[in-house]
> 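Next up is a structure, given as structure tokens.
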Protein chains: 2
Amino acid sequence: MQSSDAPTRADLDRPDPSRIERLCVERGLKMTGQRRLIARVLSEAEDHPDVEELYRRAVTLDARISVATVYRTVRLLEEKGIVERRDFGGGRARYDPTDRGHHHHLIDVDTGRVLEFEDPEHEKLAQAIARRLGFTLVGQRLELFGRKAPANPPPRPPRAAKPRS
Amino acid sequence: MQSSDAPTRADLDRPDPSRIERLCVERGLKMTGQRRLIARVLSEAEDHPDVEELYRRAVTLDARISVATVYRTVRLLEEKGIVERRDFGGGRARYDPTDRGHHHHLIDVDTGRVLEFEDPEHEKLAQAIARRLGFTLVGQRLELFGRKAPANPPPRPPRAAKPRS
DNA sequence: TTAAATGCAAACCGTTTGCAGTGTA
DNA sequence: TACACTGCAAACGGTTTGCATTTAA
């Protein structure tokens, strides 16, 4: 039930479904022009955009979308397990496609830049800790906040992007 | 502006400064009745209360305090490094006195209960990872979400308290 | 005495939602 | 055609803030 005969404007711009769009269809989501748009923006993103940023990028491609829809879609995608909501501090939720694989983040406290990393050793350790406490690990969150290596000891950290409100 | 020269109600209830109050004085904070009150509530807390909860407990001891003051004080204490702001999901910030020592949390996804734990091995690993990426570790966040050990495989997780908005 | 802290209520800000209109399946 | 989706703007919930008043030092 995917191929209709009258392609929408978005289809014309990008006839081949984006990576995320394919996932949406797999999960049985009704694909509207707006959803296709967001799926495409998410597929092309290499960072961790917040809703405002997603909206900004989407509007550029097709103005017929509102922030409310971005909020609703992003929530839907989260429920379907297609994206994960992240909180790097800053008050806004940020989104991370799950098909990029399991990873953690290191946030540069001076620039706010976010690096992704994996660490099998940590995964083992996390499981071990949970087990030690009598639990089975069902999820976790590891975020490192760092400053570029040559850390000339500052009296107090200049600008921090650490956990905030 | 009720009582004039007599010791305040809070003073009578607890003549000796609380643990956190002592820290406040050390850091040179002006100690008002409200701040003493919050300091006391935090000193006696064994959990990770949010502002609403702190206010609720404070009001019980002395009604002459407002939520705004709790917000302001808790922010001040965070700046002074006396408490740490935490985000366990749920939309509200929760507060954790730093003098309890460095630790992480395991959240029981079924009950929402929060356990504290330490793990020197993890600390070493976190530093190593940061270093590997070319950073000096200045902070971190590790939260484990787990379910009580005998995990009889449920078709789908019952109630989750995982990261939310 | 005086700068700082407080209470109150309004302002903020990210996010959600009710409703009427639109579009997909 | 039906029902889900969208846009708009109003509502929300936690947090912050301006201003007049109180208070610690």
> OP1 or OP2 of D:dG7 sitting under 4.0 Å from any side-chain N/O of A:Q34?
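Yes, A:Q34 has a side-chain N/O under 4.0 Å of OP1/OP2 on D:dG7.
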> Could you state the atom-to-atom distance from CZ of B:R92 to P of D:dC12 in whole Å?
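Taking CZ of B:R92 and P of D:dC12, I get 16 Å after rounding.
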> Looking at A:Y71, does any N or O in its side chain come under 4.0 Å of the phosphate oxygens OP1/OP2 on C:dT16?
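False: A:Y71 side-chain N/O out of range (4.0 Å or more) of C:dT16 OP1/OP2.
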> If the cut-off is 4.0 Å, is B:R75 near the phosphate of D:dT16, judged by side-chain N/O to OP1 or OP2?
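For B:R75, the contact criterion (side-chain N or O under 4.0 Å from OP1 or OP2 of D:dT16) is met.
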> Report the distance from atom CG of B:D87 to atom P of D:dT15, rounded to the nearest whole Å.
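Value for this atom pair: 10 Å.
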> Give a yes-or-no answer on whether the side chains of A:H122 and A:Q140 include a donor-acceptor pair shorter than 3.5 Å.
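Side chains of A:H122 and A:Q140: pair found under 3.5 Å.
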> Do the ring planes of B:H48 and B:H105 sit parallel (below 30°), tilted (30 to 60°) or perpendicular (above 60°)?
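Ring orientation, 0 to 90° scale: perpendicular.
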> Would one find a side-chain N or O of B:R64 under 4.0 angstrom from OP1 or OP2 of C:dG7?
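The answer is no; no side-chain N or O of B:R64 sits under 4.0 Å from OP1 or OP2.
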> Under 4.0 Å between a side-chain N or O of A:T32 and OP1 or OP2 of D:dT6?
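Yes, within the criterion.
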> Between B:T69 and C:dA5, is there a contact of a side-chain N or O with OP1 or OP2 at under 4.0 Å?
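B:T69 to C:dA5 OP1/OP2: no side-chain N or O under 4.0 Å.
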> What is the separation between atom CG on A:L54 and atom C1' on C:dG14, rounded to the nearest whole Å?
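Going from A:L54 (CG) to C:dG14 (C1'), I get 14 Å.
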> From the list C:dT15, C:dC8, D:dA9, which nucleotide is the closest neighbour of the side chain of A:V51?
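Of the candidates, C:dT15 comes closest.
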> Please give, in whole Å, the distance from D:dT15 P to B:Y55 OH?
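So the OH-P distance, B:Y55 to D:dT15, works out to 15 Å.
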> May I ask you to verify if any side-chain N or O of B:R35 is less than 4.0 angstrom from the OP1 or OP2 atom of C:dA5?
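Yes, because at least one side-chain N or O of B:R35 sits under 4.0 Å from OP1 or OP2 of C:dA5.
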